[in-house]
**Student:** 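Pasting in a structure now, in structure tokens, and then I'll have a few things to ask.
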There are 2 protein chains.
Amino acid sequence: MTNPLDQVFAALADPTRRAILAMLLEDDMAVTDVAEPFAMSLAAISKHLQILAEAGLIAQEKRGRVKWCKLEPDALRAASVWMQGFGVFDPVDLDAFERFLADELADPSSP
Amino acid sequence: MTNPLDQVFAALADPTRRAILAMLLEDDMAVTDVAEPFAMSLAAISKHLQILAEAGLIAQEKRGRVKWCKLEPDALRAASVWMQGFGVFDPVDLDAFERFLADELADPSSP
DNA sequence: GGTAAGGTCAACCATATGGTTGAATATGAA
DNA sequence: TTCATATTCAACCATATGGTTGACCTTACC
């Protein structure tokens with residue numbers, strides 16, 4: 001899975017990871033805080049964050065003993081371009097996006 | 001993996017499947033013809049097509065003994081909306097898309 | 001009818017994925 | 001120093017994924 005599109009799409013295929021990205025849309029967060037709403041171990045979240053980082057979707061910076069996670073939406077660009085090539089898409093429908101966020105953040109612990 | 005976004009993104013995470021979608025952008029195709037450029041068994045391609053169909057990205061219709069595959073770009077809409085929520089994306093960059101297609105179709109047999 | 005073409009199914013295999021736990025490593029605070 | 005917090009590592013487990021092969025069904029053709 002060397003192809004960056006492979007990595008980005010695979011990263012996005014997991015609901016936990018999409019929920020994490022949505023959370024980071026609000027603000028940068030420490031690993032522990034990212035993990036808090038999820039019903040899974042910190043180690044599991046740490047792995048998800050690694051996958052997101054390898055796909056370039058987040059950046060992680062360690063400051064002191066806490067590691068901060070920051071959204072890197074630019075990594076979505078290539079995937080977005082790929083998809084746009086197929087369609088006929090409406091101009092950005094932010095309402096629809098808000099609905100997604102609501103759904104995915106509602107109960108991220110049961111993906 | 002009940003969530004439709006899960007299915008769509010997972011389907012897109014495989015280079016063979018993305019190449020198939022790109023091929024279908026040109027025209028509807030029979031399963032055998034879809035399989036032709038790939039260095040893998042017909043059965044493998046058949047499975048990929050099932051995954052694409054379950055994600056709603058293609059429709060399959062059997063006419064006579066040949067099964068036709070047809071692109072269903074609408075299935076990309078939800079995923080596209082999700083991604084658009086993160087960005088700041090340029091207006092559709094078709095040149096970039098053409099480059100992707102060129103890359104992915106160049107040698108789909110070695111994903 | 002017999003035979004070939006188009007696809008799928010079933011069983012199998014190797015590897016990847018998503019999770020767990022417990023131990024280990026920093027770093028900060030008392 | 002000692003202790004607690006923040007995070008990762010390593011080993012493990014169950015299941016999913018992407019591929020193979022060979023048998024199978026259906027539909028066309030001679």
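Letters go in sequence order (proteins before strands), and every chain restarts at 1. Computed over heavy atoms, backbone and side chain alike; hydrogens, waters and symmetry mates excluded. Please read these numbers as outputs of a predicted model, since none were measured by experiment.
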**Student:** Please tabulate, for the side chains in residues 35-49 of chain B, all donor-acceptor contacts under 3.5 angstrom to protein atoms that are two or more places apart in sequence or on a different chain.
**Tutor:**
residue, atom, partner, partner atom, Å
B/Ser41, OG, B/Ala44, N, 3.1
B/His48, ND1, B/Arg17, NH1, 3.1

**Student:** B/Phe9 vs B/Met83, test: side-chain contact (heavy atoms from CB on, under 4.5 Å). Steps then yes/no.
**Tutor:** CA-CA 11 Å; B/Phe9 281 128; B/Met83 294 180 63; 3.9 Å; yes

**Student:** Tell me the interatomic distance from A/Ile58, atom CD1, to D/dT7, atom C1', rounded to whole angstroms.
**Tutor:**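 Distance, rounded to whole Å: 13 Å.
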
**Student:** Pick out the pairs of N or O atoms, protein on one side and nucleotides 23-30 of chain D on the other, that lie under 3.5 Å.
**Tutor:**
residue, atom, partner, partner atom, Å
D/dT27, O2, B/Arg65, NH1, 3.4

**Student:** Expressed as a whole number of angstroms, how long is the span from A/Trp68:CH2 to D/dA6:P?
**Tutor:**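 Going from CH2 in A/Trp68 over to P in D/dA6 covers 11 Å.
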
**Student:** Hey, what do you get for OG1 (A/Thr16) to CG (A/Leu52), rounding to the nearest 0.5 Å?
**Tutor:**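 Those atoms lie 10.0 Å apart.
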
**Student:** In whole angstrom, what separates A/Glu61's CD from D/dT7's P?
**Tutor:**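 Result: 13 Å.
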
**Student:** Output the distance between atom CG (A/Leu57) and atom SG (A/Cys69), rounded to the nearest 0.5 Å.
**Tutor:** 12.5 Å

**Student:** Calculate the interatomic distance between B/Asp6 atom CG and D/dT17 atom P; express it in whole Å.
**Tutor:** 10 Å

**Student:** Whole angstrom is fine here: how far is it from CE in B/Met40 over to P in D/dG18?
**Tutor:** 10 Å

**Student:** Can you give me the closest heavy-atom contact between A/Asp6 and B/Pro15, atom names plus distance?
**Tutor:**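 So the two residues come closest at OD2-CD, 3.4 Å.
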
**Student:** Sort out for me which residue in A/Ile20, A/Leu25, A/Leu76 forms a side chain to side chain contact (heavy atoms under 4.5 Å, CB included) with A/Leu71.
**Tutor:** A/Leu25

**Student:** From the list D/dA6, D/dG18, C/dG6, which nucleotide is the closest neighbour of the side chain of A/Val66?
**Tutor:** D/dA6

**Student:** Taking atom C1' of D/dT7 as reference, at what distance in whole Å does atom CE of A/Met29 sit?
**Tutor:** 15 Å

**Student:** Using salt bridge (Lys or Arg N to Asp or Glu O under 4.0 Å) as the criterion, list what pairs up with B/Lys70, not counting sequence neighbours.
**Tutor:** B/Glu72

**Student:** Show the numbers, then the answer: is there a side-chain contact (heavy atoms from CB on, under 4.5 Å) between B/Trp82 and A/Leu12?
**Tutor:** CA-CA 10 Å; B/Trp82 192 91; A/Leu12 296 182; 3.8 Å; yes

**Student:** Remaining members of B/Trp68's ILVMFWY cluster at a side-chain heavy-atom cut-off under 4.5 Å?
**Tutor:**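 Besides B/Trp68, the hydrophobic cluster comprises B/Val66, listed by chain and residue number.
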
**Student:** Would you say B/Ser41 reaches D/dG19's phosphate, i.e. side-chain N/O to OP1/OP2 under 4.0 Å?
**Tutor:**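 Looking at the OP1 and OP2 atoms of D/dG19, neither is under 4.0 Å from any side-chain N or O of B/Ser41.
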
**Student:** Hey, are the side chains of A/Asn3 and B/Arg18 touching, using non-hydrogen atoms and a 4.5 Å cut-off?
**Tutor:**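 Yes - at least one pair of side-chain heavy atoms lies under 4.5 Å apart.
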
**Student:** In whole Å, what is the span from the CD atom of A/Gln60 to the P atom of D/dA6?
**Tutor:** 16 Å

**Student:** With 3.5 Å as the limit, what N/O pairs link the protein to nucleotides 13-15 of chain D?
**Tutor:**
none

**Student:** Considering only heavy atoms from C-beta outward, does the side chain of B/Asp28 approach that of B/Glu61 to under 4.5 Å?
**Tutor:**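 Counting from C-beta outward, B/Asp28 and B/Glu61 never come under 4.5 Å.
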
**Student:** Looking at D/dG19, C/dT8, C/dT20, which one has an atom nearest to any side-chain atom of B/Thr16?
**Tutor:**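 In terms of side-chain proximity for B/Thr16, the closest of D/dG19, C/dT8, C/dT20 is D/dG19.
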
**Student:** Starting at atom CD of A/Glu54, determine the distance to atom C1' of D/dT8, rounded to an integer number of angstrom.
**Tutor:** 14 Å

**Student:** Using a 4.0 Å cut-off on heavy atoms, which residues in residues 42-51 of chain A reach DNA chain C? List them by number, or say none.
**Tutor:** A/Ala43, A/Ala44, A/Lys47, A/His48, A/Ile51

